[in-house]
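For reference, the structure discussed in these notes is given below.
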Amino acid sequence: MALTAVSALAFAGAPAAHATPNGATTVVCHGGAIASGDYYELVVHGTCTIPDGAKVTVETQLYVTAGSTLNAVTTAHVHVKGNVQVGRGAVLGLGCSQETNCATPTKDEVGGNINSDHATAVILHSNKVKGDITTLNDGPGVTCAPSKQLAAIPNLGTGTPAYDDFEDNTVGGYITTSHLRSCWMGVIRNHVGTNVLVLDDRTFDTDGNEVVTNTVKGDLGCYLNKPAAQIGDSGGAPNMVNGLKLGQCASL
């Protein structure tokens, strides 16, 4: 494990710096395993894994910097009390279930929001997110070529392409996925406190843009996606929506 403790005021890879109480520090993982512990602020700057059985608490923010990869698709327990930010060309894998080769679902928690912009992949399984999930412009392009970055997440298998996936999450706010260009995308079996928006997501896989078996307290809107939002081969049930089903999701 390569961890460095630096002042949160000095780390240029994180967003705008802020004062930390009682001399607290930002810890930067440059590669390898992140050990169990309570971290004030955690930055992934390389390829890092939170291994099976670890317990990691982040008191404020978790940053996955540009081009970095965080593999938390393990049996670890991760609790981020603030936000998770995923940078350009970065990969976030958080949470595990039978879909990702874990015998039982994990129960990772994010107290704030999960945000990405131009990330390579965001893969979220069985998480509790109190805020929102927003992914903008993700993906390496409309391709299913194997991703070297995802090879660092063994539970996803070998030769896995980049994709965005939101499965079995409980989200207090909304889910927005827009302008993705990738192999595949799915919004499946989530419980969402407000709205879901799937906008202009384009996938190489004709079975992409699966939006199915979600419980949505607000509206479900899907527009301009190619292929159109669909049930696909998931074998799932229609979405349960308290508000309106709109656009391509009107019949889902």
Side-chain angles (χ1 to χ4, degrees), residues 72-73 78-80 83-84 86 92-116 121-136 138-139 156 163-180 182-203 205-252:
V73 185
V78 180
H79 184 191
V80 180
N83 299 323
V84 178
V86 188
L92 170 66
L94 179 64
C96 201
S97 68
Q98 292 181 342
E99 298 288 335
T100 50
N101 297 305
C102 286
T104 57
T106 53
K107 297 179 180 180
D108 296 332
E109 300 176 66
V110 175
N113 307 315
I114 299 176
N115 301 308
S116 71
V122 175
I123 300 166
L124 306 174
H125 282 259
S126 304
N127 302 296
K128 181 178 180 180
V129 180
K130 291 185 178 180
D132 307 318
I133 297 172
T134 305
T135 62
L136 306 175
D138 282 359
L156 300 182
Y163 63 101
D164 274 16
D165 191 15
F166 317 96
E167 296 192 29
D168 301 298
N169 302 289
T170 299
V171 182
Y174 57 75
I175 296 177
T176 296
T177 165
S178 68
H179 305 291
L180 171 118
S182 195
C183 178
W184 185 87
M185 193 285 297
V187 182
I188 302 173
R189 295 184 305 274
N190 301 285
H191 287 75
V192 183
T194 59
N195 305 317
V196 175
L197 174 64
V198 183
L199 174 65
D200 188 30
D201 283 355
R202 303 184 184 186
T203 68
D205 191 337
T206 58
D207 187 54
N209 296 326
E210 291 187 9
V211 182
V212 63
T213 326
N214 298 288
T215 300
V216 181
K217 290 187 177 180
D219 298 335
L220 171 62
C222 306
Y223 307 95
L224 303 176
N225 302 291
K226 295 182 180 180
Q230 59 181 314
I231 293 175
D233 64 3
S234 65
N239 300 287
M240 302 297 291
V241 179
N242 287 355
L244 301 174
K245 293 184 178 182
L246 301 167
Q248 296 170 341
C249 283
S251 62
L252 298 183

Taking every heavy atom of Gly208 against every heavy atom of Thr203, the minimum-distance pair comes out as CA-OG1, 3.4 Å
Residues two or more places apart in sequence or in another chain: which of them pass side-chain contact (heavy atoms from CB on, under 4.5 Å) with Thr215?
His191, Met240
Take Ile133 and Tyr174 through the test side-chain contact (heavy atoms from CB on, under 4.5 Å) and record every step on the way to the result.
CA-CA 6 Å; Ile133 297 172; Tyr174 57 75; over 6 Å; no
What are the two closest non-hydrogen atoms of Gly247 and Tyr223, and how far apart are they?
CA-CE2, 3.8 Å
Tell me, please, which residues at least two apart from Ser97 pass side chain to side chain donor-acceptor pair (under 3.5 Å).
His125
List the residues meeting side chain to side chain donor-acceptor pair (under 3.5 Å) with Asn169, not counting sequence neighbours, and say none if there are none.
Asn127, Asn190
What pairs with Asn195 under side-chain contact (heavy atoms from CB on, under 4.5 Å), at least two apart in sequence or on another chain?
Asp219
Who passes side chain to side chain donor-acceptor pair (under 3.5 Å) against Ser116, sequence neighbours left out?
Asp138
Listed once per pair and sorted, the side chain to side chain donor-acceptor pair (under 3.5 Å) pairs that draw on residues 99-109, sequence neighbours left out
none
Quick one: which residue pairs count as a salt bridge (charged side-chain N to carboxylate O under 4.0 Å, His left out) with a foot in residues 165-179, not counting sequence neighbours?
Glu167-Arg189, Asp168-Arg189
Test item: Thr213 side-chain N/O and Ile188 main-chain N/O as donor-acceptor pair under 3.5 Å:
no
If a pair satisfies salt bridge (charged side-chain N to carboxylate O under 4.0 Å, His left out) and one of its residues is in residues 191-200, list it, with sequence neighbours excluded.
Arg181-Asp200, Asp200-Arg202
Which residue pairs pass the side chain to side chain donor-acceptor pair (under 3.5 Å) test with at least one member in residues 237-249, sequence neighbours excluded?
Asn214-Asn239, Asn225-Gln248
Evaluate side-chain contact (heavy atoms from CB on, under 4.5 Å) for His79 paired with Val110, printing each intermediate quantity in order.
CA-CA 6 Å; His79 184 191; Val110 175; over 6 Å; no
